[in-house]
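Let me begin by presenting the structure, written as structure tokens, before commenting on it.
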Amino acid sequence: MRRMTNVYIRDYIAGCFIGITVITAVLMMVFITYSSNAAIKYDRKSQIRSVSKYDNLYISENDGKIEVSDDFSYEENGIVKVVLDKEGNLLSGEYINDELETLKLDPKTRAEKTVREVKCDNNKVYYVYDRYVYGTDLGGGSQTIAVIRSMAEKKQISSVYRTLKYASYICGVGIILLSILLSSVFARHIVEPIKQICDTAEKIGINQDLSKRISYDGRFKEIQILADANNRMLDSLEEMFEQQKQFTSDVTHELRTPVAVILAQCEYTKKHIHDQEEFDEAIDLIERQVRKTNSIIMRLLQLSRLDQERIPIEFEYVDLRDIVEEVCENEKLKEPKNVELRLHMEKAEANIDVGLMMIAISNIVNNAIKYSEENTAVDITLFSTGDTVELVVQDYGCGMNENDVKHIFDRFYRADKARNSEGFGLGLSLATKIVELHSGRILATSKEKEGSIFRIILPGSMGLPG
């Protein structure tokens with residue numbers, strides 16, 4: 001496929017505008033030329049016919065002899081007239097070209113009253129019109145007594161339409177020149193804000209400054225939409241890059257701690273530990289740190305696979321009560337805290353991937369247990385409204401402030417690191433991603449020293465995914 005040559009928008013708009021104007025002007029000139037020539041020809045013939053309209057009043061027949069009055073005008077407005085007898089022989093006047101003397105009377109032109117165009121040997125074209133003069137015969141009828149022949153060189157007869165024709169040509173050229181000027185101004189007016197957008201985008205790319213935004217206060221709606229769309233894209237890119245920087249920093253921090261502990265413990269073991277008991281304790285510590293590191297890596301891997309949609313999702317239409325009960329049983333076995341899980345559940349069917357949804361619910365419940373005090377309770381409520389299924393997990397622990405609630409689902413964010421030293425800040429992010437893949441959402445509300453409420457809302461019997 002042949003690659004098209006890139007052009008500037010300004011040149012393209014101006015070229016299109018000029019091209020359309022030129023084509024229109026040419027077509028207009030062709031039409032004007034054709035119409036003007038027809039009008040000029042008709043006007044000239046009308047003039048040569050009308051000049052002899054009343055000349056029959058100056059011609060009479062007396063005893064068979066044709067008499068021409070002295071008031072007869074042989075030339076008017078460049079039109080020459082001669083008087084012929086009914087046979088076409090010259091009676092009075094002079095021809096403007098001798099070749100016209102041989103021009104015979106034509107019965108056809110007499111009947112149609114047409115003006116003839118005659119080309120002579122000198123390549124000059126003449127208009128010739130024969131007007132017949134009638135008299136009264138002995139029987140009281142009319143008969144031809146003479147012919148008034150009007151003659152004029154074609155180019156010598158002026159016409160107002162010829163002036164109009166040339167005026168139209170001048171106007172056409174003026175229109176083309178004006179269109180070139182207007183198209184240049186118009187194209188510059190349109191392209192200037194686009195150029196400004198391009199310059200800003202180029203500066204952002206060169207300086208890598210995503211904080212800059214494109215401003216436009218013109219009247220063109222499409223350009224305003226383009227500027228707004230670019231600004232929204234820049235907002236998204238800036239947020240994404242900030243999250244990426246924060247994510248990289250958090251991963252480095254989270255992995256550096258257990259790795260540092262492992263290295264320090266290994267060096268200490270080699271230098272100072274000589275009996276089996278101390279050696280076993282060192283190995284246990286190293287094992288815990290390795291498990292912690294592996295847990296971070298596994299959750300990051302899960303998030304990465306979910307982000308890239310590399311995990312196959314197998315939807316099943318199941319009752320969430322069974323899943324919530326199983327998750328709660330597992331959490332009681334894993335979590336040493338004496339926290340009561342109070343279940344308030346009704347039948348709630350949804351179309352879900354059981355394995356992924358267990359991970360999401362487990363993270364929410366585990367988070368509630370970790371933030372609860374000893375000998376307290378966590379209320380877990382499950383119900384269905386038909387259109388949606390809602391799981392509510394409420395704890396009565398330390399709670400969070402408003403800023404923590406805004407960022408609680410960000411990766412590696414921990415509302416209270418001192419209280420939750422074993423957490424990585426990935427569980428809620430993973431749960432959110434899983435719920436979103438099920439066309440659902442997670443909402444969080446909290447008050448400090450009063451606890452937190454997490455709501456998982458999924459499509460119910462209507463509008464199920466998969």
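Values reported hereafter were calculated over all heavy atoms of this structure, with side chains retained and with hydrogens, waters and symmetry mates removed.
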Please report the C-alpha distance between Lys347 and Glu349 in whole Å, then the side-chain angles of each, then the deciding distance to 0.1 Å, and finally whether the salt bridge (charged side-chain N to carboxylate O under 4.0 Å, His left out) criterion is met.
CA-CA 7 Å; Lys347 184 177 181 181; Glu349 295 182 331; 3.6 Å; yes

Test item: [X] side-chain N/O and [Y] main-chain N/O as donor-acceptor pair under 3.5 Å:
| X | Y | result |
| --- | --- | --- |
| His344 | Ile380 | no |
| Ser384 | Ala348 | no |
| Ser69 | Asp71 | yes |
| Asn363 | Ile359 | yes |
| Glu390 | Ile456 | no |
| Thr432 | Phe409 | no |
| Arg149 | Val82 | no |

Counting neighbours of [atom1] on [X] that are heavy atoms of other residues, nucleotides or ligands and sit closer than 6.0 Å, is the number greater than 12?
| X | atom1 | value |
| --- | --- | --- |
| Lys86 | NZ | no |
| Glu346 | CD | yes |
| Gln224 | CD | yes |
| Tyr42 | OH | no |
| Asn77 | CG | no |

Tell me which one of Asn351, Leu320, Leu391 satisfies side-chain contact (heavy atoms from CB on, under 4.5 Å) with Leu458.
Leu320

Worked check of side chain to side chain donor-acceptor pair (under 3.5 Å) between Ser73 and Tyr58
CA-CA 9 Å; Ser73 176; Tyr58 302 102; over 6 Å; no

Any side-chain heavy atom of [X] within less than 4.5 Å of one from [Y]?
| X | Y | value |
| --- | --- | --- |
| Leu430 | Ile434 | yes |
| Val118 | Glu99 | no |
| Val128 | Val115 | no |
| Ile59 | Val83 | yes |
| Val125 | Glu153 | no |
| Asp404 | Asn401 | yes |
| Val324 | Val365 | no |
| Thr144 | Tyr134 | yes |

Establish, yes or no, whether the cationic atom of Arg110 lies under 6.0 Å from the six-membered ring centre of Tyr132 and within 45° of the ring axis.
yes

Pairwise distance [atom1]([X]) to [atom2]([Y]) - rounded to 0.5 angstrom:
| X | Y | atom1 | atom2 | result |
| --- | --- | --- | --- | --- |
| Glu316 | Asp353 | CD | CG | 7.5 Å |
| Ser60 | Ile145 | OG | CD1 | 7.0 Å |
| Arg441 | Glu436 | CZ | CD | 11.5 Å |
| Thr102 | Tyr95 | OG1 | OH | 8.5 Å |
| Glu402 | Lys447 | CD | NZ | 11.5 Å |
| Asp85 | Asn89 | CG | CG | 4.5 Å |

Which residues pass the side-chain contact (heavy atoms from CB on, under 4.5 Å) test with Asn122, not counting sequence neighbours?
Asn97, Cys120, Lys124, Tyr126

Any side-chain donor near an acceptor of the partner, Ser150 and Arg49, under 3.5 Å:
no

Under 3.5 Å, is there a donor-acceptor pair linking the side chains of Thr388 and Thr385?
yes

Closest heavy-atom contact between [X] and [Y]?
| X | Y | result |
| --- | --- | --- |
| Leu84 | Leu91 | C-CD1, 3.7 Å |
| Val405 | Ala444 | CG1-O, 3.6 Å |
| Val378 | Val393 | CG1-CG1, 3.9 Å |
| Leu437 | Phe315 | O-CZ, 4.1 Å |
| Pro459 | Ala350 | O-CB, 3.8 Å |
| Lys155 | Arg44 | CA-NH2, 4.2 Å |

Excluding sequence neighbours, so at least two apart, what forms ring-ring contact (aromatic ring centres under 6.0 Å, His included) with Phe31?
none

Residues in ring-ring contact (aromatic ring centres under 6.0 Å, His included) contact with Phe383, at least two apart in sequence or another chain
none

Test: [X] and [Y] ion pair at under 4.0 Å:
| X | Y | result |
| --- | --- | --- |
| Asp130 | Lys113 | no |
| Lys65 | Glu67 | no |
| Lys81 | Glu76 | yes |
| Asp106 | Lys108 | no |

Evaluate side-chain contact (heavy atoms from CB on, under 4.5 Å) for Met357 paired with His438, printing each intermediate quantity in order.
CA-CA 9 Å; Met357 191 54 60; His438 287 76; 3.7 Å; yes

For the pair Glu94 and Glu75, evaluate side-chain contact (heavy atoms from CB on, under 4.5 Å) and give the outcome as yes or no after the intermediate values.
CA-CA 10 Å; Glu94 294 183 3; Glu75 184 175 351; over 6 Å; no

Stepwise side-chain contact (heavy atoms from CB on, under 4.5 Å) test for Glu117 and Tyr127
CA-CA 5 Å; Glu117 291 187 25; Tyr127 284 129; 3.4 Å; yes

For the pair Asp55 and Arg131, evaluate side-chain contact (heavy atoms from CB on, under 4.5 Å) and give the outcome as yes or no after the intermediate values.
CA-CA 9 Å; Asp55 284 346; Arg131 181 180 293 277; 5.9 Å; no

Indicate, with yes or no, if the rings of Phe72 and Tyr74 have centres closer together than 6.0 Å.
yes

